[in-house]
Protein chains: 2
Amino acid sequence: MERVTKLLREHHIQPSAQRVAVGGYVLFTEEHPSAEQVWERVKENFPWLSRATVYNTLNLFVKKGLIRELIITEGKSVFDPRLDPHHHFVDEESGDILDIPFDTLEVRRLKDLPGLDIHETQVIIRGRRSAAPAGV
Amino acid sequence: MERVTKLLREHHIQPSAQRVAVGGYVLFTEEHPSAEQVWERVKENFPWLSRATVYNTLNLFVKKGLIRELIITEGKSVFDPRLDPHHHFVDEESGDILDIPFDTLEVRRLKDLPGLDIHETQVIIRGRRSAAPAGV
DNA sequence: TGCTGTCTTAGAGTTAGTCCAAATTCCATC
DNA sequence: GATGGAATTTGGACTAACTCTAAGACAGCA
């Protein structure tokens with residue numbers, strides 16, 4: 001957990017017990033959890049943790065650039081600790097979100113977008129996991 | 001409005017006054033409205049229209065393939081009558097959503113996605129409208 | 001030890017959307 | 001035109017995700 005404290009400090013976040021507990025999960029997960037899922041998960045080891053703190057902490061982590069908030073699924077945001085460019089696949093059956101390595105796709109601008117100042121480009125692939133081979 | 005009635009029938013939707021009123025707006029707009037925005041807008045000419053009917057109607061239109069539901073902005077879905085492939089730009093300042101013509105970008109699959117059965121690929125570009133030229 | 005500002009908390013409030021059961025409208029058939 | 005079952009609409013209750021608020025706990029330091 002020393003690792004989490006260090007990460008927080010590096011991003012100018014005062015490490016409190018709660019923040020370290022939330023960070024210990026959300027900074028290393030591959031699950032793309034929603035805020036409520038983070039709460040459920042961290043509460044297992046930290047039962048007195050309040051919902052408001054989870055939301056506060058996640059929003060703070062986003063603002064300080066420790067994680068990204070993704071708008072992919074209906075009704076709720078999910079959080080992703082991977083900051084390097086990559087794409088996402090959404091399993092329409094289970095709702096699971098998988099990372100798609102950046103070099104799997106090429107997105108090329110063919111024409112200019114006049115008057116638009118681009119900040120990020122997000123590719124979301126939706127479909128199903130077919131039964132056959134192992135996951136990505 | 002005869003046009004809307006025809007469209008509904010072609011998609012096997014019984015045209016009612018309410019459905020035609022909602023369709024008259026949402027089937028031809030370029031605004032990417034949320035359900036609440038559709039309600040506000042259609043109520044102007046149809047004040048007795050209920051919220052539940054708007055949600056029912058929009059969901060029905062999506063199920064019958066008249067419009068698409070997009071998950072792009074925080075907290076709410078928006079609806080888009082354009083069914084041909086195209087991309088979207090989100091103005092992070094105003095929240096406005098603009099259509100980006102399909103041939104502006106090229107998305108090419110460079111590697112296989114084993115075990116994934118792709119249904120749709122969505123490209124969302126986020127940024128700001130710079131002051132200079134007219135919109136897209 | 002006390003002070004000040006930060007952090008956490010429970011619960012109330014808000015927003016987007018669904019559910020429900022009653023009322024209304026539609027329409028085929030008599 | 002009357003009638004009855006099905007489809008549609010309605011308002012309000014309900015839910016989920018999230019924010020706000022005000023009060024209390026805690027941390028750092030003088």
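In what follows, chains are A, B, ... by sequence order, proteins preceding strands, each numbered from 1.
Extent of DNA chain D lying under 4.0 Å from chain A heavy atoms, first and last nucleotide in 5' to 3' order, is D:dA17 to D:dC20. Once you apply a 4.0 Å limit to the heavy atoms of chain B, the touched nucleotides of DNA chain C run 5' to 3' over C:dA16 to C:dC27.
Near-neighbour residues of DNA chain C inside residues 42-54 of chain A, defined by a heavy atom below 4.0 Å, number-ordered: A:Trp48, A:Leu49, A:Ser50, A:Ala52, A:Thr53. For the contact set between residues 55-69 of chain B and DNA chain D, defined by any heavy atom under 4.0 Å, the members are B:Asn56.
If you check every strand for non-hydrogen atoms under 4.0 Å, A:Ser34 touches nothing. Among the heavy atoms of the strands lying under 4.0 Å from A:Gln14 are primed sugar atoms or P, OP1, OP2 only; no base atom is included.
Residues A:Val78 and B:Leu70 are members of one and the same hydrophobic cluster, defined by side-chain heavy-atom contacts under 4.5 angstrom among Ile, Leu, Val, Met, Phe, Trp and Tyr.
Judged as a salt bridge (Lys or Arg N to Asp or Glu O under 4.0 Å), the pairs with a partner in residues 68-78 of chain A (not counting sequence neighbours) are, in order, A:Arg68-A:Glu120.
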Next item on the list: Could you please spell out the steps behind the side chain to side chain contact (heavy atoms under 4.5 Å, CB included) verdict for A:Leu7 and A:Phe28?
Entry: CA-CA 12 Å; A:Leu7 261 171; A:Phe28 307 105; 4.1 Å; yes
Margin query: As a quick check of understanding, evaluate side chain to side chain contact (heavy atoms under 4.5 Å, CB included) for B:Thr53 and B:Leu49, giving each step before the final call.
Written below: CA-CA 7 Å; B:Thr53 299; B:Leu49 182 70; 4.0 Å; yes
Next item on the list: Start with the C-alpha distance between A:His119 and B:Glu92, add both sets of side-chain angles, then the distance that settles side chain to side chain contact (heavy atoms under 4.5 Å, CB included), and finish with yes or no.
Entry: CA-CA 9 Å; A:His119 166 208; B:Glu92 292 178 319; 2.9 Å; yes
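If you take CD1 on A:Ile72 and OG on A:Ser34, they are separated by 12.5 Å, rounding to the nearest 0.5 Å.
A salt bridge does not link A:Asp91 with A:Arg126: every distance from a Lys NZ or Arg NE/NH1/NH2 to an Asp or Glu carboxylate oxygen is 4.0 Å or more. By the 4.0 Å N-to-carboxylate-O rule, B:Asp117 lies too far from A:Arg128 to be salt-bridged with it. A salt bridge is absent between B:Lys6 and B:Glu2; no separation between the charged side-chain nitrogens and carboxylate oxygens falls under 4.0 Å. No salt bridge links B:Arg82 with B:Glu30; every basic N to acidic carboxylate O contact stays at or beyond 4.0 Å.
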Solution key, residues 107-115 of chain A side-chain donor-acceptor pairs under 3.5 Å, sequence neighbours excluded:
unit_1   : atom_1 : unit_2   : atom_2 : d
A:Arg108 : NE     : B:Glu106 : OE1    : 3.4
A:Arg108 : NH2    : B:Glu106 : OE1    : 2.7
A:Lys111 : NZ     : B:Asp103 : OD2    : 3.1

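Taking the six-membered ring for Trp and the full ring otherwise, the centers of B:Phe79 and B:His32 sit at least 6.0 Å from each other.
Comparing B:Ile13 and A:Ser77, the nucleotide of DNA chain D nearest to each residue sits closer to the 5' end for B:Ile13.
Residues B:Ile67 and B:Asp80 are not in side-chain contact: their nearest non-hydrogen atoms beyond the backbone lie 4.5 Å or more apart.
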